[in-house]
**Q** 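For reference, the structure I am asking about is given below.
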Amino acid sequence: MPEAIATTKRKFYKALDAFTNRSQTSLEAPAEARTSSTAGAASSQAFDEARERARKRLRSSTSATSLASLTQIGSTLQTSKAPLTVRSVSKSSDKTQPPPNFSPWSQELFLARLQSFSSVSKWHPKPDSVNEVVWAKRGWSCVDVNTVACRGGCDRRILVDLHVDSKVTSGEVDDDDDEESENLTALETALAEKYQSLVVQGHSESCLWFKAGCKDDIYRLQVVRPSIWQPELRKRFLTLLDIGDAITGVTIQAPGDGSARLLLDDLPIAIISPKERSKTASKKALDLALCGWRGSVESGNQLLHCDACFQRIGLWMYQPEYIASHRRPDEAADGDEITTSEDHSGLDIVELHREHCPWRSADSQCATGSLHGLNASQILQKIATTCARDHRRRSDDKSRHVAAAQDDERDNDHASASERPAVSREEVARQDKERESRLRKLKNLFNIKRRA
């Protein structure tokens, strides 16, 4: 009888091991192929089938105690496996997934597509109607030389070539240059219109980018909210201070009335600390930061980098030594000395942005209300000036209140001294007599007369 029970237990454990292996295999399957409720139902059904097969194999001599113990072991295994299945599904669902390809509301994905057009070796300048911003708003990315593709969507590719061969054969005589130039202009315009229609029609009809694209204000930069522009301005300012040696010798043409020094002194400490204000390159760094530039170092070269249009400017080309070494001999006549400011007008930090950049183009910024028609540089300059003026006024009010309180205290002391009434000589003599009388009485209290 004990041998029969041991055989039955061995068979039952073997069935439970097979069921456990199947459960582990199902747990290793992709999380997308099942849900927690489906997995729990399948595991409970498989366990019930295994238990029924084990009961049929039990002999009639199996004791009730042994069967109860085996049932208890199986139920314990089932309860221990169920939370594991739910936990594995919940872990897989907690993983952050990247946004889908069709996200016309995402400025981050729009800038990622626009960055693919930043290489001058891949994308050549195009008319405004078919420039890189137009293609990026409709889901296209630059994948090859003048070639765009819908990555993650319909995967179609378009070669954007507006080059017109205007060469004339050697035996031909050109008698009407104006007419030929007009024809070339008309041909370029027709090609631009053709590619403008392909911006939408180039997608397949089943592609979501065929139905809709990004809004016109997707390129707008957040330069009005203090919680956004103040940390970003400080971050750009600090990166420019890191390359302060390179920007110190550069002549900069800053927009506005040149009030960066006032901004530097009046901006809150949270943006610029007093220690940072005392540095030599702080004023130029603030001018560059207000126009959207940040400093970077690549391969030992110090650059200005824009995160909106992905333009990069090498500062070594604007150093006085570089300009002097590349000056032509005929630029100096009669031994006249040419200074750096005369030889080079300076670094126009707004015009060096790409034409479609919001820091330069008011159309790309799409500002509304009272800021309509201003680019991001002008808006940030205006907002920073207002912030500095408010901070200066609050500081002046606080110092004025402190000074007024001190003046009031001083005036009160002076008034209390001046408001005392004048005393006559008779009154002074009377007060002296009363004081002497009180002192005499006080002295008598301390005189002790001893009896013999």
Side-chain angles (χ1 to χ4, degrees), residues 105-115 118 132-133 136-137 214-241 247 252-273 276 282-296 304-313 347-393:
W105 58 85
S106 175
Q107 189 184 46
E108 181 181 359
L109 293 182
F110 165 75
L111 292 177
R113 293 191 299 269
L114 186 62
Q115 189 176 7
S118 61
E132 51 265 41
V133 178
K137 284 183 178 180
C214 297
K215 293 184 178 180
D216 295 336
D217 59 350
I218 189 65
Y219 211 176
R220 180 186 299 167
L221 300 178
Q222 296 294 338
V223 291
V224 177
R225 297 181 182 179
S227 60
I228 297 178
W229 73 263
Q230 291 184 3
E232 293 295 330
L233 178 63
R234 174 169 176 78
K235 188 186 301 182
R236 294 194 300 269
F237 178 77
L238 293 178
T239 58
L240 290 165
L241 285 183
I247 65 177
I252 292 179
Q253 291 184 3
D257 53 356
S259 59
R261 174 57 62 185
L262 297 177
L263 291 178
L264 189 66
D265 297 335
D266 297 333
L267 282 175
I269 300 178
I271 302 177
I272 301 177
S273 64
E276 295 163 354
S282 58
K283 181 181 180 301
K284 292 184 178 180
L286 181 59
D287 285 332
L288 291 168
L290 288 172
C291 293
W293 296 102
R294 66 174 175 85
S296 63
L304 295 180
H305 194 280
C306 176
D307 293 330
C309 64
F310 308 102
Q311 179 76 293
R312 297 189 300 173
I313 304 298
L347 189 67
D348 195 337
I349 56 180
V350 175
E351 294 297 325
L352 283 177
H353 287 282
R354 299 182 190 270
E355 293 182 358
H356 57 77
C357 183
W359 293 108
R360 175 181 175 181
S361 173
D363 296 334
S364 298
Q365 180 63 18
C366 290
T368 58
S370 61
L371 302 176
H372 178 71
L374 302 179
N375 57 30
S377 301
Q378 296 169 339
I379 295 174
L380 184 57
Q381 184 80 22
K382 187 175 182 180
I383 296 299
T385 303
T386 304
C387 177
R389 185 173 61 250
D390 294 342
H391 183 263
R392 182 174 62 252
R393 186 174 62 250

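Everything numeric here is computed off the predicted structure, so don't read it as measured data.
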**Q** Between D390 and R393 (salt bridge meaning N to carboxylate O under 4.0 Å), is one present in this structure?
**A**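 The answer is yes: the pair qualifies as a salt bridge.
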
**Q** Kindly compute the distance separating CD1 (I228) from CD (E232), expressed to the nearest 0.5 Å.
**A**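 Rounded to the nearest 0.5 Å, the CD1-CD separation comes out at 8.0 Å.
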
**Q** With a 3.5 Å distance limit and no angle check, can you tell me whether R354 reaches the backbone of S118 through a side-chain donor-acceptor pair?
**A**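 Answer holds: yes.
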
**Q** Testing the basics here: between D216 and K137, what is the closest heavy-atom pair and its distance to 0.1 Å?
**A**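 For D216 and K137, the tightest heavy-atom pair comes out as O-NZ, 3.4 Å.
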
**Q** Closest approach of G295 and T239, non-hydrogen atoms and distance?
**A**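 Looking at all heavy atoms of both residues, the closest pair is N-OG1, 3.2 Å.
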
**Q** Would you indicate whether the side-chain heavy atoms of S296 and R294 approach each other to under 4.5 Å?
**A**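 With C-beta onward as the side chain, the pair touches.
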
**Q** Closer than 3.5 angstrom, by distance alone: can the side chain of S361 be matched with the main-chain N or O of C357 as a donor-acceptor pair?
**A**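 Such a contact is absent between S361 side chain and C357 backbone.
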
**Q** Do you know which two heavy atoms are closest between L240 and A289, and how far apart they sit?
**A**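 Shortest heavy-atom contact: CD1-N, 3.5 Å.
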
**Q** Between CD of E276 and CD1 of I271, what distance do you get to the nearest 0.5 Å?
**A**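 These two atoms lie 11.0 Å from each other.
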
**Q** If you take all heavy atoms of E132 and L114, which pair is closest and at what distance?
**A**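 Shortest heavy-atom contact: CG-CD1, 3.8 Å.
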
**Q** Would you find a donor on one side and an acceptor on the other, under 3.5 Å apart, between the side chain of S273 and the backbone of I269?
**A**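 Such a contact is absent between S273 side chain and I269 backbone.
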
**Q** If you take all heavy atoms of L380 and R236, which pair is closest and at what distance?
**A**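 Reported closest heavy-atom pair: CD2-NH2, 3.5 Å.
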
**Q** Is there a donor-acceptor contact under 3.5 Å from the side chain of R220 to the main chain of C366?
**A**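 Present.
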
**Q** Within a strict 4.5 Å, meaning less than it, do heavy atoms of the W229 and L290 side chains meet?
**A**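 Not touching, per the 4.5 Å side-chain cut-off.
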
**Q** Do L371 and V224 make a side-chain contact, defined as non-hydrogen atoms from C-beta onward lying under 4.5 Å apart?
**A**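 Yes, their side chains come closer than 4.5 Å.
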
**Q** Which class fits the ring pair W293 and H353: parallel under 30°, tilted 30 to 60°, perpendicular over 60°?
**A**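 Ring orientation of W293 relative to H353: parallel.
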
**Q** Taking Q311 for the side chain and L352 for the main chain, is one N or O donor matched with an acceptor at less than 3.5 Å?
**A**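 Here the side-chain-to-backbone pair exists.
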
**Q** Could you tell me whether the side chain of L111 reaches within less than 4.5 Å of the side chain of Q115, counting heavy atoms only?
**A**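 No, side chains not in contact.
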
**Q** Keeping Y219 on the side-chain end and F110 on the backbone end, is there a donor-acceptor pair under 3.5 Å?
**A**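 Such a contact is absent between Y219 side chain and F110 backbone.
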
**Q** Apply salt bridge (Lys or Arg N to Asp or Glu O under 4.0 Å) to R113 and E108, showing your working.
**A** CA-CA 9 Å; R113 293 191 299 269; E108 181 181 359; over 6 Å; no

**Q** Tell me whether Q378 contacts the main-chain N or O of N375 through its side chain, where contact means a donor paired with an acceptor under 3.5 Å.
**A**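 Yes.
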
**Q** Mind listing the closest non-hydrogen atom pair of S377 and V350 along with its distance?
**A**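 Nearest pair, atom of S377 first, then V350: OG-CG2, 4.3 Å.
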
**Q** What do the steps show when you test I383 against V223 for side chain to side chain contact (heavy atoms under 4.5 Å, CB included), and what is the final call?
**A** CA-CA 8 Å; I383 296 299; V223 291; over 6 Å; no

**Q** Atom OG of S370 and atom CD1 of I379: how far apart are they, to the nearest 0.5 Å?
**A**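 It comes to 9.0 Å.
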
**Q** Would you indicate whether the side-chain heavy atoms of L374 and Q365 approach each other to under 4.5 Å?
**A**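 No - every pair of side-chain heavy atoms lies 4.5 Å or more apart.
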
**Q** So C387 and P226, do their side chains get closer than 4.5 Å, heavy atoms only?
**A**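 Not in contact.
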
**Q** Can you measure from CG (L347) to CG (L304) and round to the nearest 0.5 angstrom?
**A**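 So the CG of L347 and the CG of L304 are separated by 6.5 Å.
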
**Q** Can you tell me how far apart CG (L263) and CD1 (I272) are? Round to the nearest 0.5 Å.
**A**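 With rounding to 0.5 Å, CG (L263) is 8.0 Å from CD1 (I272).
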
**Q** Looking at CG of D287 and CD1 of I349, how far apart are the two atoms once the value is rounded to the nearest 0.5 Å?
**A**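 The CD1 atom of I349 is 5.5 Å from CG of D287, to the nearest 0.5 Å.
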
**Q** If only atom types and distance count, is the side chain of S364 paired as donor or acceptor with the main-chain N or O of P358 below 3.5 Å?
**A**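 Not at all, since once roles are kept as given, no pair shorter than 3.5 Å links the two residues.
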
**Q** Within the distance-only criterion (no hydrogens, no angle test), does the side chain of H372 pair as donor or acceptor with the backbone N or O of A367 below 3.5 angstrom?
**A**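 Answer holds: yes.
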
